[in-house]
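Everything below concerns the one structure shown next.
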Amino acid sequence: MKIVVKSKDGPKLRIPIPTGIVFNRFTAAFAPKYLKKQGLNVTKEQAVAFVKALNQYRRKHPEWVLVEAQSSDGERVEIKL
Amino acid sequence: MEMTIGKRIAALRREKNLKQDDLAQILEVSPQAVSKWENDQTCPDISLLPLLAKTLGISVDELLSGKQETQPTVTYVPEQQRKDIKDMMLRIAVVSGDGDKVRINLPMALVQAAMDMGLEPPQFSGNDALKEVDWAQIMELVRHGAVGNLVEVESADGDTVRIFVE
């Protein structure tokens, strides 16, 4: 994952975060326990399927930008997975 | 802030999942030329504009003026011509009353997986205007071949939310 912050006149800020550490089968196996505390009943199979779908899409579309935000004063933030 | 033509090209190219090299190949120019356009160092040659606009999925007028975002109307795609739902994208565009813009690009495969898990987009967007949206109905429309601008909501505090599928 890469978070890019571009201010109108200032420098760009790039924050790389290794997505593979966050979204993998191992973390997906623990996700249901955490999500249950948030009031969501998710099975391990569903969490694994979600991570699998996410990783497949990332591989197929490496330029995918998940979130693009632009403030009225020209600052831009992009989150790429 | 008005977006420059270069930034518009870069944003639309990324939306189409094209690399600078890919766009350069389509337009038969060098990747360096595309890079210069996107950094507003030079502008594309006028003869390239129709193909550039077509490749980016907008009109030449929209490419040059940037005044109107693409607002496709809802269209029905026959079953034989439909894309695999896994290759489709659901885009949520929020424009706040004070001019801030947020765009969330969610692959339909993930939306489907999230809904199977009992999650719905409002739970990770936090926007009040989205709470009224019937996501199950949107999925149903997409499954039946509807693409384009499926939802447009304007909240009391001036936020505009648009949901479109492509």
Side-chain angles (χ1 to χ4, degrees), chain A residues 1-12 19 23 25 27-81, chain B residues 1-4 6-8 10-23 38-39 66 69 83-121 123-127 158:
Chain A
M1 178 159 69
K2 197 187 288 175
I3 300 173
V4 183
V5 182
K6 300 171 192 172
S7 60
K8 193 181 173 186
D9 302 310
K12 279 184 191 174
T19 318
F23 297 112
R25 280 175 166 270
T27 52
F30 286 97
K33 196 175 170 185
Y34 170 77
L35 291 170
K36 198 170 183 182
K37 287 181 189 170
Q38 308 294 315
L40 293 165
N41 283 317
V42 175
T43 65
K44 185 183 163 186
E45 288 72 26
Q46 286 174 325
V48 170
F50 183 81
V51 168
K52 194 178 167 187
L54 177 69
N55 288 332
Q56 274 178 349
Y57 196 87
R58 278 178 51 217
R59 273 194 291 274
K60 203 170 174 184
H61 304 276
E63 293 288 302
W64 169 39
V65 180
L66 174 65
V67 177
E68 302 160 77
Q70 186 179 355
S71 70
S72 51
D73 58 0
E75 285 196 346
R76 291 170 63 85
V77 177
E78 284 181 3
I79 302 174
K80 292 181 181 181
L81 281 182
Chain B
M1 191 190 73
E2 192 74 20
M3 212 178 187
T4 63
K7 297 286 172 278
R8 208 151 40 241
L12 290 164
R13 176 183 59 76
R14 281 194 291 267
E15 268 179 31
K16 297 279 171 192
N17 286 313
L18 291 169
K19 293 178 183 168
Q20 285 185 343
D21 286 2
D22 301 329
L23 187 59
E38 294 187 357
N39 288 306
E69 274 193 32
K83 283 199 284 188
D84 187 343
I85 202 162
K86 288 178 183 169
D87 292 324
M88 295 175 82
M89 183 74 86
L90 182 137
R91 301 188 193 279
I92 303 170
V94 182
V95 180
S96 74
D98 49 4
D100 297 336
K101 295 176 187 172
V102 178
R103 191 158 167 161
I104 305 164
N105 306 310
L106 296 169
M108 287 304 290
L110 287 188
V111 176
Q112 181 65 68
M115 287 187 75
D116 290 347
M117 289 165 64
L119 292 167
E120 285 190 353
Q123 287 175 285
F124 46 86
S125 73
N127 188 290

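Residue numbering restarts at 1 for every chain, and letters A, B, ... go by the order of the sequence lines. Side chains included, hydrogens not; waters and symmetry mates left out as well; all remaining heavy atoms used.
With sequence neighbours excluded, the residues that form a salt bridge (charged side-chain N to carboxylate O under 4.0 Å, His left out) with A/Lys60 are B/Asp87. In terms of the side chain to side chain donor-acceptor pair (under 3.5 Å) criterion, A/Ser7 has no residue partners (sequence neighbours excluded).
The minimum heavy-atom distance linking A/Val67 with B/Val102 is given by the pair CG1-CG1, 4.3 Å. Contact record, A/Trp64 with B/Asn17: N-OD1, 3.5 Å, taken as the closest heavy-atom pair.
For A/Phe50, the parts lying near chain B are the backbone and the side chain together; criterion is any non-hydrogen pair under 4.5 Å. With a threshold of 4.5 angstrom between heavy atoms, A/Gln56 does not approach chain B through any atom at all. When heavy atoms are compared at a cutoff of 4.5 Å, B/Arg91 does not approach chain A at all.
Within the model, atoms NZ of A/Lys80 and CZ of B/Arg14 stand 5.5 Å from one another, a figure rounded to the nearest 0.5 Å. Rounding to the nearest 0.5 Å places CG of B/Asn105 at 11.0 Å from CD1 of A/Ile79. Atoms NZ and CD, from B/Lys7 and A/Gln70 in turn, are 10.5 Å apart once rounded to the nearest 0.5 Å.
Counting heavy-atom neighbours within 6.0 Å of A/Lys52 NZ, excluding the residue itself, gives a total of 12 or less.
Residues B/Arg103 and A/Val65 have side chains not in contact (no heavy-atom distance under 4.5 Å, counting atoms from C-beta outward).
The candidate from A/Ala69, A/Ala49, A/Pro32 with the greatest count of non-hydrogen atom pairs under 4.5 Å with chain B is A/Ala69.
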